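Report on one structure; see the data block that follows.
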Amino acid sequence: MDGFLDTSRGGVTELRVHGVSGTPPAAMLNHPSPRLVVGDGVTGFYRRWWPGGRPAGEHADVPGARHREAYAWGNLTSGGRMAALWLLLLPFSLANLSYFMLPRPEGGRRLRHAAEAAQRLLALLLTGTLVGALTTAGVDLVGWQCAQAGRACSGDAAPVWVRWLGDLWGSRTSPRLAVTALVPLGVLALLWWLARRTWERDERTVLPPGGAARPGVLLARPRLWHGGEPVWRLRAVHVSFAAGSVGLAVAAPYTGDPTGRALVLANAGVQIAAAVLAALPGIARRTDPYADEPSSPGLTGACAALRAAAPLVVLVTLVAAFDGLQEPPYAPTLPGVGAGTFQTALALGLLAFLLVAVAVLAGRDRREGGGGQPRALGGMAAWFVLVIAAGVGNALALGVLFWTAAFFGTPAPSRPAPSHPAPFGRVLVIDEPLWWAAALVPLLAAGTLVAAVVLWGIRGRAAAELEPRLRPYYGEGDAAAVADTWALASLSDRAGLVLGVLTGVGLAGLGAVTVVSHLGLFTPDGGVAGLLAAGGSWAMTAVVVGLVLLGRRTYGDPRLRRTVGIVWDVSTFWPRAIHPLSPPCYTERVVPELIARVGALARGDDDEVIVSGHSQGSVIAAALTLQLDPALLRRTRLLTHGSPLRRLYAAFFPAYFGPSSLRAVRESVSWLNLYRLSDPIGGPVFRRVDPFAPAVHGEGDGETADRFCWDPLQPGPGEPLPSARRHSDYWLDPAYEEALSRLTTLGPAHPAPAEG
């Protein structure tokens with residue numbers, strides 16, 4: 001290759017790791033011509049290439065002496081076209097996040113194990129909710145109702161790709177159900193394929209050996225990034241449970257037939273076996289790589305047997321239904337055996353148990369950990385996020401049902417009276433409780449509006465308090481603009497407030513509509529109640545259609561994929577611990593690759609690697625540090641900027657990013673952290689440096705890793721106010737070069753800073 005490209009190792013290497021949205025290597029390196037030196041098109045390490053030959057200057061790469069290198073991992077979350085389908089898996093990701101938010105005090109281990117089992121069961125029910133919605137949409141709305149003789153899908157105006165069902169089996173029900181069951185089974189097969197493909201690509205990567213043992217620091221355990229076997233077991237359980245729900249829907253109307261009863265029992269048995277396995281503690285147990293711990297062969301065998309039995313039972317069910325079962329009595333909607341009602345009651349019971357369990361664990365955690373540790377929602381974040389996961393999952397499920405009914409006919413809560421303006425042939429009945437659930441959507445919208453108004457008021461008060469303090473630094477005219485920027489960024493600290501308000505509104509609304517529905521006080525097809533239900537149904541339909549359109553655009557637009565990938569950059573940092581069908585964890589590949597690269601760059605005693613992590617990259621860098629071999633740690637430095645480690649991760653994941661973990665990182669390597677008050681995401685890691693203190697002026701106090709950066713920069717006399725950089729371009733800040741220079745002169749570790 002012509003030009004100059006330094007591929008040497010050794011010396012001082014500044015290794016930059018980007019954050020969310022997949023910052024391109026050119027922007028990371030601040031150089032127009034990056035070149036891949038190690039890796040592939042998915043992840044890779046890049047260096048600067050100069051077409052005109054070897055450059056001069058203090059920031060140029062010098063072989064064997066100094067280098068600037070960038071690690072790009074964004075394609076793991078936004079590079080593949082299939083990532084467009086991840087939009088529909090958000091409930092699964094939220095459920096998985098709730099597992100890592102669970103408080104883990106030393107006491108109460110049995111209660112925590114019970115809470116984890118409840119979380120796994122709720123995750124299993126979430127899978128059943130979404131697959132059940134597809135089953136209801138296909139088997140009930142289309143197969144049972146719409147394709148009957150004389151109904152909407154049998155007429156000449158029906159789409160040809162569905163009209164043939166009525167033409168062939170308009171008077172025979174079971175073959176229609178068997179054919180329409182192929183739709184949810186096809187989606188389930190796609191989910192299984194995606195999960196298996198990403199599992200083989202990422203989760204089977206093995207960490208290099210040699211990490212330092214740190215008892216009590218969960219983030220330092222190699223087993224955290226070693227999930228190949230437990231994820232395989234959980235995937236078998238979830239797919240089997242979902243397949244059993246499809247088979248049960250097809251067989252349930254035929255309990256009057258001996259064959260139908262046998263099929264119901266077989267499919268219900270598959271679901272019960274899956275639920276029992278999901279509740280067992282060993283199902284998701286991870287073992288340390290290179291350890292002699294047992295790997296639960298009995299559970300693995302049971303999961304393998306269930307994985308083989310479930311498709312066989314469903315296949316027999318479909319074949320029997322296609323061959324023809326005894327015609328059941330007429331019903332406006334697909335008859336069931338109470339499985340849906342039981343699962344709803346079970347989900348509510350599990351949520352009630354988790355409310356008590358998480359509250360007890362959070363109380364013990366506060367007593368053991370002290371009051372100085374930040375905890376979102378008082379340590380109850382796991383429960384709130386799990387409730388939101390259930391809410392989002394049910395909203396998507398209802399959106400699918402209402403969209404299907406509106407596409408093929410006219411949705412209604414019951415069979416219309418003779419005076420109803422729509423002919424019965426076009427009416428598709430959706431059970432009345434689902435209409436009441438749809439009525440919650442306008443209430444949640446109102447709650448969101450209230451939260452937005454409260455946050456806007458908080459921002460105004462914060463800006464008013466900041467403005468007089470900023471005048472000596474920015475002048476009379478610019479202080480208000482800077483105060484407004486800083487106040488707006490501070491609203492990120494109120495994320496727990498928003499979650500609490502929305503969850504409270506949703507639960508209060510759920511209780512109200514449950515009472516109204518059971519007592520029959522109103523009907524959801526008239527008056528204010530009907531208006532709320534209709535508005536909610538159309539809103540959820542619009543959400544589902546919007547997600548499908550967004551996914552279609554995302555499939556062909558790499559830039560949009562990077563934008564959508566921001567959601568997954570945050571949520572898929574964590575391994576698939578309780579939900580195996582959620583988007584894959586990129587860290588199980590990123591951390592081993594970074595360990596190997598640091599080892600290659602810092603082989604000699606005189607070599608140094610400064611790992612520079614921006615935003616989510618700082619979280620990756622902290623996890624990396626706790627997995628490095630002690631010999632490598634002596635040659636490693638850490639520079640973080642725009643870091644959410646304390647603001648978000650320590651608050652929402654205190655068991656993994658609490659004081660013990662951050663202290664372990666600080667004691668292992670020399671560490672400096674840059675932050676701005678205009679940054680809505682990043683912040684200090686240990687304690688905030690007061691920018692208005694006369695003795696500090698943002699220079700740091702020598703005892704903490706945190707360094708305050710002015711943003712926007714203070715203008716000179718007669719100069720306009722520079723634009724605020726907020727969360728971006730820390731690499732271009734003058735404080736960055738100062739921190740980089742300081743780290744090259746510091747020793748390998750410092751005492752743990754005082755926390756506050």
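Excluded from the calculations below are hydrogen atoms, water molecules and symmetry mates; all remaining heavy atoms, backbone and side chain alike, are included. Everything numeric here is computed off the predicted structure, so don't read it as measured data.
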Under the side chain to side chain donor-acceptor pair (under 3.5 Å) criterion, do R307 and S240 qualify, and how do the steps go?
CA-CA 6 Å; R307 187 184 66 164; S240 299; over 6 Å; no
Are any non-hydrogen side-chain atoms of [X] and [Y] less than 4.5 angstrom apart?
X: P580; Y: F92; value: no
X: E229; Y: R285; value: no
X: L191; Y: L89; value: yes
X: W144; Y: L177; value: yes
X: L354; Y: L122; value: yes
X: V131; Y: V187; value: no
X: T173; Y: P253; value: no
X: Y254; Y: P335; value: no

Only one of Y586, W574, F573 forms a ring pair (Phe, Tyr, Trp, His ring centres under 6.0 Å) with W225, so which one is it?
F573
Counting only heavy atoms not in F342, do more than 12 sit closer than 6.0 Å to its CZ atom?
no
Determine whether more than 12 heavy atoms belonging to other residues, nucleotides or ligands lie under 6.0 Å from atom CZ of R109.
no
What distance do [X] atom [atom1] and [Y] atom [atom2] have between them, rounded to the nearest 0.5 Å?
X: N394; Y: T129; atom1: CG; atom2: OG1; answer: 5.0 Å
X: L185; Y: W192; atom1: CG; atom2: CH2; answer: 14.0 Å
X: R589; Y: L76; atom1: CZ; atom2: CG; answer: 5.5 Å
X: L581; Y: R576; atom1: CG; atom2: CZ; answer: 8.0 Å

Quick one: does any side-chain atom of N96 pair with a main-chain N or O of S582 as donor and acceptor, under 3.5 Å?
no
